Number of protein chains: 2
Amino acid sequence: MQTIFSERHEGHAGQLELISGQLVPGFEKPERARFIRARIDAVGLGPVSAPETHSLDAARRVHRDDFVDFLPQAWPMWEASGRTNPTVPFAFPIRGLRADKRPTSIDALLGYYGFDAGVSFVKGTWDAVKSSYDTALTAASLIDGNTRSAFALCRPPGHHAGSAFMGGYCYLNNAAIVAQRYRDQGAARVAILDVDYHHGNGTQEIFYHRGDVAVFNLHADPNEEYPYFLGHADERGAGEGEGFNHNYPMPAGTPFAIWSEALDDACRKIADYAPDVVVVSLGVDTFEKDPISEFKLTTADYPKIGARIAQLGLPTLFVMEGGYAVEEIGVNAVGVLTGFEGA
Amino acid sequence: MQTIFSERHEGHAGQLELISGQLVPGFEKPERARFIRARIDAVGLGPVSAPETHSLDAARRVHRDDFVDFLPQAWPMWEASGRTNPTVPFAFPIRGLRADKRPTSIDALLGYYGFDAGVSFVKGTWDAVKSSYDTALTAASLIDGNTRSAFALCRPPGHHAGSAFMGGYCYLNNAAIVAQRYRDQGAARVAILDVDYHHGNGTQEIFYHRGDVAVFNLHADPNEEYPYFLGHADERGAGEGEGFNHNYPMPAGTPFAIWSEALDDACRKIADYAPDVVVVSLGVDTFEKDPISEFKLTTADYPKIGARIAQLGLPTLFVMEGGYAVEEIGVNAVGVLTGFEGA
């Protein structure tokens, strides 16, 4: 399997997040991608190439223009206000407050477009986000009649980013962007299968009213786990999207034996949906040793995930999302890919 | 003028806030109330009494039941989850996310009910919030045919707290609660005049659809200044409240000469409205040396504010809100009160 990867993710480092009442270094750090990159060579997964540069047009197909315009401006505006420490949003337009009026100050805009205090900018953030976007689009273009799979080693991840919001370490929604790209290039239907521990709230929000991109999410129960405010089983899509959003919330402590039943069910529904292509939001924070997650999957389980997805027999693009047990992230993420290849 | 004050505010200390990308000790600290309390004696404003205890029924008249129920539970739930550091919310249900589904975990609830990372709980927070609420209600009861004014030395403040949200150092909206109390006791109309530097977004949200409590807000332009997502001049009320919400946003650097024109206009409109009682949300963070604000009022200006309000000739309850230049907060806040008394 071919991988697309950019070293430019390295510039997104030293950012912060607020968790458990404390401001701490981001769990989403450069070592994550380094370990995955190293594991690709170690197991001989296949060639690794740098992405081509893309315009932001593909981002504007799923994100609001003002949001796409904001992302590259965030750090320059912050610096222009006399600060060089990492940004952290602190005030948010929740229910009862105005979402229709875009404020002007950078402090306000960070919260206007953010939904949590875990989406931080440093000087290199936008360049990394852009490289992650380029990585996804370049990897997407690899899949054609002859090539059935590819791996977009994206960092930062994307699945928490919605049409006009960022959060959960995510800025642009790489998986949603490539799903839309496939549609724009002629695919009749695309399925997104999100196996990250956390609900892909951004992906759901983007496609919630559409039936041409079906979204399948396996994740921790949002009553108890981040991102909290989306991901319940009763969220089935709306309008033309009715019945095309599938959530599988699971409790803390869920082992592979239970988790894999949800994967089976999702895969059966994907087969019924008969998409032209499957985009996998590949998070491996379902791992038992993940520092911020509570599922109990083991390293031996990840190849089985890849093998089950391969059984669909569909063109499949893997897009990297979460996973914070950095020492094992390479083995687990690449384990999914080798499991897919070997199936 | 009689003051109601509770020493129990002291328990709300050591809380944190996120500002400018940094987690710092709250600017809203016990010294604020101490300086005001001391100044009352220094100038002989009048007697100071402790509040009587009230049930939470009056809070439930303007706040949603589940929100009122949550506030005393926040710290016990946090402790039960094994933590004793100050809480800070970190994830929020903005547009596109669900506001109708109350999550169960304490980490989620802090953000479900908060709109910023500046509303922190410590062990003594609820007791202080309750004492601040009792202070407002007890002070409100002092005003009758013979007594035309009283001072509720509340801490923590309240005007950023909405029907079901907390934020900006505020948990229960003391001014809104007493305004409603006056209505429930027979007042036909109540005016709330908010002179705090920051827009009283909670107060506006609570009464936005009502004509029986008119709200007048003088504050910094929300495009540039906290709380950002409410407080524009075009917010005039809605439904039965149409025309009863009055916002006076002003730019950074506004001096008293300009600010007092807005106060004059608001007072003329209050006179036209002919309320039975005026509730003043008294913030003195309009002061030129305030560490987190940008207006240019001087200590000499504060008695003039009190005198202008006194010209209305209406029963007036002063409820303490913001002001973070702690060394001068007593002189400035009590300056408003002596200005009122001397008019």
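Sequence lines set the chain letters: A, B, ... in the order given, protein chains first and strands last, and positions in each chain run from 1. Keep in mind that what you see is a predicted model, and the values were worked out from it rather than measured.
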Should we say atom [atom1] of [X] is surrounded by more than 12 heavy atoms from elsewhere, each under 6.0 Å from it?
| X | atom1 | value |
| --- | --- | --- |
| A/R61 | CZ | no |
| B/E240 | CD | no |
| A/E79 | CD | yes |

- Among A/I94, A/I19, A/D116, A/T87, the residue with the most heavy-atom pairs under 4.5 Å to chain B is A/I94

- Query: Counting heavy-atom pairs under 4.5 Å to chain B, which of A/K101, A/Q204, A/R83, A/R102 comes out on top?
  - Reply: A/K101

- For chain A, which of B/V88, B/I106, B/N201 has the most heavy-atom pairs under 4.5 Å? B/V88

- Query: Between B/S120, B/S163, B/A91, B/P227, which has the largest tally of heavy atom pairs under 4.5 Å with chain A?
  - Reply: B/A91

Please give me the minimum heavy-atom distance between [X] and [Y], naming the atom from each residue.
| X | Y | result |
| --- | --- | --- |
| A/P222 | B/P103 | O-CB, 4.3 Å |
| B/Y228 | A/A108 | CD2-CB, 3.2 Å |
| A/A117 | B/L18 | CB-CD2, 4.1 Å |

- Answer with side chain, backbone, both or neither: which region of A/Y112 has an atom nearer than 4.5 Å to a non-hydrogen atom of chain B? both

Rounded to the nearest 0.5 Å, how far apart are [atom1] of [X] and [atom2] of [Y]?
| X | Y | atom1 | atom2 | result |
| --- | --- | --- | --- | --- |
| B/L97 | A/L230 | CG | CG | 5.5 Å |
| B/E235 | A/R98 | CD | CZ | 4.5 Å |
| B/N223 | A/L109 | CG | CG | 9.5 Å |
| B/F229 | A/F92 | CZ | CZ | 8.0 Å |

- Can you check whether A/E224's main-chain N or O pairs, donor with acceptor, with B/D107's side chain at less than 3.5 Å? no

Please state whether the side chain, the backbone, both or neither of [X] comes within less than 4.5 Å of a heavy atom of chain A.
| X | answer |
| --- | --- |
| B/Q22 | both |
| B/L16 | side chain |
| B/P93 | both |
| B/F121 | neither |
| B/S81 | neither |

- Task: May I ask you to decide whether A/R95 forms a salt bridge with B/D100, counting only side-chain N to carboxylate O separations under 4.0 Å?
- Result: no

- Message: Less than 3.5 Å apart, any donor N or O on the side chain of A/S105 or B/E225 sitting next to an acceptor on the other?
- Response: no

